[in-house]
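Just below is one structure, and these are the notes that go with it.
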Amino acid sequence: MNERSLRGLIRDVKTGKLPRRDFIQGMVGLGLTAPMASMLLLQAGVAQAQTVLPPYKPTKRGGGGTLRLLWWQGPVHLNPQWATGTKEQEGSRMFYEPLAAWDNDGNLFPVLAAEIPSVDKGTLSADGKAVTWKLKQGVTWHDGKPFTADDVVFNWQFIKDPATASALISVYKDIEVVKIDAHTVRVFYPKPTPFWAEPFVGTNGMIIPKHLFAPYMGAKSREAPMNMAPVGTGPYKFVDFKPGDMVRGTLNPNYHQPNRPYFDAIEMKGGGDAVGAARAVLQTGEYDYAWNLQVEDEILKRLEASGKGKVAIVAGGNIEFILLNPTDPWNEVDGERSSIKSKHPAFQDKAVRDAMGLLVDRKSVQEFIYGRTGVATANFLNNPERFRSKSTKFEFNVDKANQVLEAAGWKKGADGIRAKGNVKLKFVYQTSVNQPRQKTQAIVKDACAKAGIELELKSVTAAVFFGGDFANPDTYQKFWCDMQMYTTTMTQPDPQTFMEQYCSWELAQKENKWAKRNISRWRSDEYDKLHTASQSEMDPVKRAAMYIKLNEMVVGDGNIIPVVFRPRPSAAALKLVAPLSGWDNDLWALPHWYKEA
């Protein structure tokens, strides 16, 4: 499809000749996400569809008792600007809010914004280079201070300061945010921007208060007491926090949406494991909601049969994958392990990486572990279906792996382990403590042993592995091992941010306190150039092709081994009404949660 044809279709939508839904389905068929297609219409002056939430039945604020959430990986801090992990994003979302969120159909839903920008309203330029956000009036912070445009501008200044070491710096560093009046800001982009709804939206957009954080700009940001005791605008006010264990909040009597929240208090319990979390909702009914149920599907079905709760599976873009470290995790360079100045002694050989890809039995992982909650894949970028590359393939073949290694000069020794020179194929393979992950590790280890590769399996408590303790050597951000496995979440409907985690400017290093998103340490000049070009490509068909190519580059080089594409499974009490979205945090619509009588 060329630009002329696309504009013709958009005209048909504007005149009513072509239904909006048919246009979006057609664009999805060409490789766009539904939200991106929706944004094309917004830029062309077509009003977006209204978010349809379940009918909200409560007629007053409060009265619902305590909402008990089980996040078996508990947050270790509550500042959304540093949240490299989903658990910190979710913990922060209890108290902080963005200007807008993404619903499950890919529509923008106003939260702190009074309305969604559009061309017709004069608040969105046709090329996406300028966006005007009108803010809700009468919103107050939990301490009673007013929420204004000054807070929005401050968040931009706070995040873009390199000394802050925010995980979101790449989203904010190149834009300019200007206060128009007390309740209006304008965001300027340096180039045409097809996906303009990234700053201040969803997981990237939670707003922190200027009047409390201003004294902690830059290098002082880690000293702010609000990092552990948030003051937000959300439906619940902070009560107390035990990192990795418990977050408590109480009803905000001045919340800016009528009759909300329904619950008098909220608790987010951390710790334990995914199976225990599923059991606590589905079988015993001790908790109302459990997040991220990375549990064998057979167990989920058995627990659900108890009749206390229901499993919800929401499509998104999450991927469970294995990373082969391209750097040396065991020897320091300039005082840093896994330094980008080093090379892994074995994985620098493409033959070893190719062999490792042949030794991951994805089909068995899907069939015997994940079932409906994990689909075997060769792609890192998987959603929507037609966005997936059709060129990538996966194969499980121990014999072929042996042949590849033998041809590359990796010979078996007396101990059965392959070596070349003084380098042996002995690797430490780490992940978090979680039954499906330990079973996946065992499958991979068994296959590797048959190819002359020895794996030492390491399982790290989830609170540590996904934590932000800079002094702990076992965090996944440091990647001080040969291989590691986890799920990375796609909490935005456009792949730009998701695929940016392989750009060189996102490399996690000691100098940025390992706060950036390229944990893999993989990098490519060609990848950087193509990703940069995609950021301003306004032709949706060309842009989709760019992301397919970026995916193929990542998986083709062999350092990234996709295992299963993971829809997001969670569990909820039978009477709990909890709107979910595959494009945002689980708590994106927390003010609208309630229980049926």
Side-chain angles (χ1 to χ4, degrees), residues 1-55 99-110 113-134 187 189 191-198 201-202 314-317 381-388 390 492-496 534-548 579 581-584 589:
M1 178 180 291
N2 57 32
E3 184 177 354
R4 183 177 179 181
S5 299
L6 178 63
R7 292 190 185 281
L9 291 176
I10 292 174
R11 279 197 301 272
D12 288 346
V13 177
K14 292 181 76 171
T15 60
K17 184 178 178 181
L18 177 67
R20 176 191 180 89
R21 180 178 292 274
D22 289 356
F23 172 84
I24 291 177
Q25 288 176 346
M27 292 299 102
V28 167
L30 292 171
L32 271 69
T33 59
M36 192 63 202
S38 181
M39 291 191 70
L40 281 173
L41 294 177
L42 261 179
Q43 289 172 316
V46 180
Q48 72 162 11
Q50 294 298 308
T51 295
V52 179
L53 295 173
L99 298 189
W102 291 105
D103 72 11
N104 200 40
D105 293 322
N107 297 309
L108 283 169
F109 179 74
E115 61 185 29
I116 299 302
S118 70
V119 173
D120 279 357
K121 295 172 182 173
T123 50
L124 173 64
S125 65
D127 59 4
K129 289 183 70 174
V131 180
T132 300
W133 287 97
K134 295 184 178 180
V187 181
Y189 296 83
K191 55 190 175 185
T193 305
F195 190 64
W196 52 266
E198 187 176 18
V201 173
V314 181
L381 180 59
N382 285 277
N383 204 29
E385 182 177 356
R386 289 183 179 268
F387 214 115
R388 301 172 196 165
K390 301 300 184 291
Q492 285 188 302
D494 183 85
Q496 179 174 312
S534 75
Q535 296 172 22
S536 56
E537 178 54 67
M538 300 300 288
D539 183 320
V541 180
K542 289 181 181 177
R543 193 164 185 267
M546 288 177 168
Y547 285 109
I548 290 172
S581 171
W583 303 116
D584 210 323

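Numbers here simply count residues along the sequence, with the first being 1.
- Taking both residues in full, the closest heavy atoms of Pro54 and Pro579 are given as CD-CG, 3.7 Å, listed atom of the first, atom of the second, then distance.
- Looking at heavy atoms from C-beta onward, Tyr547 lies in side-chain contact with Gln496 at the 4.5 angstrom threshold.
- In this structure, Pro194 and Ser534 approach most closely via the heavy-atom pair CG-O, 4.3 Å.
- Ser118 and Asp120 are not linked by any side-chain donor-acceptor pair at a separation below 3.5 angstrom, with hydrogens and angles left out of the test.
- Between the side chain of Asn104 and the main chain of Gly582, a donor-acceptor pair closer than 3.5 Å is present.
- Across all their heavy atoms, Glu537 and Arg543 have their closest contact at O-CD, 3.2 Å.
- Judged purely by atom type and a 3.5 angstrom limit, Thr193 uses its side chain to pair as donor or acceptor with the backbone of Lys191.
- Using a 4.5 Å heavy-atom threshold, the side chains of Trp133 and Val201 count as touching.
- Taking every heavy atom of both residues into account, Asp103 and Asn107 meet most closely at OD1-N, 2.8 Å.
- Of the inter-residue distances, the one linking Tyr189 atom OH with Asp127 atom CG reads 11.5 Å to the nearest 0.5 angstrom.
- The side-chain contact (heavy atoms from CB on, under 4.5 Å) with Leu124 is formed by just one residue from the set Thr132, Val119, Ile116; it is Val119.
- Phe109 CZ to Leu99 CG: the interatomic distance, rounded to the nearest 0.5 Å, is 13.5 Å.
- Side-chain contact between Leu108 and Trp102 is present, with at least one heavy-atom pair separated by less than 4.5 Å.
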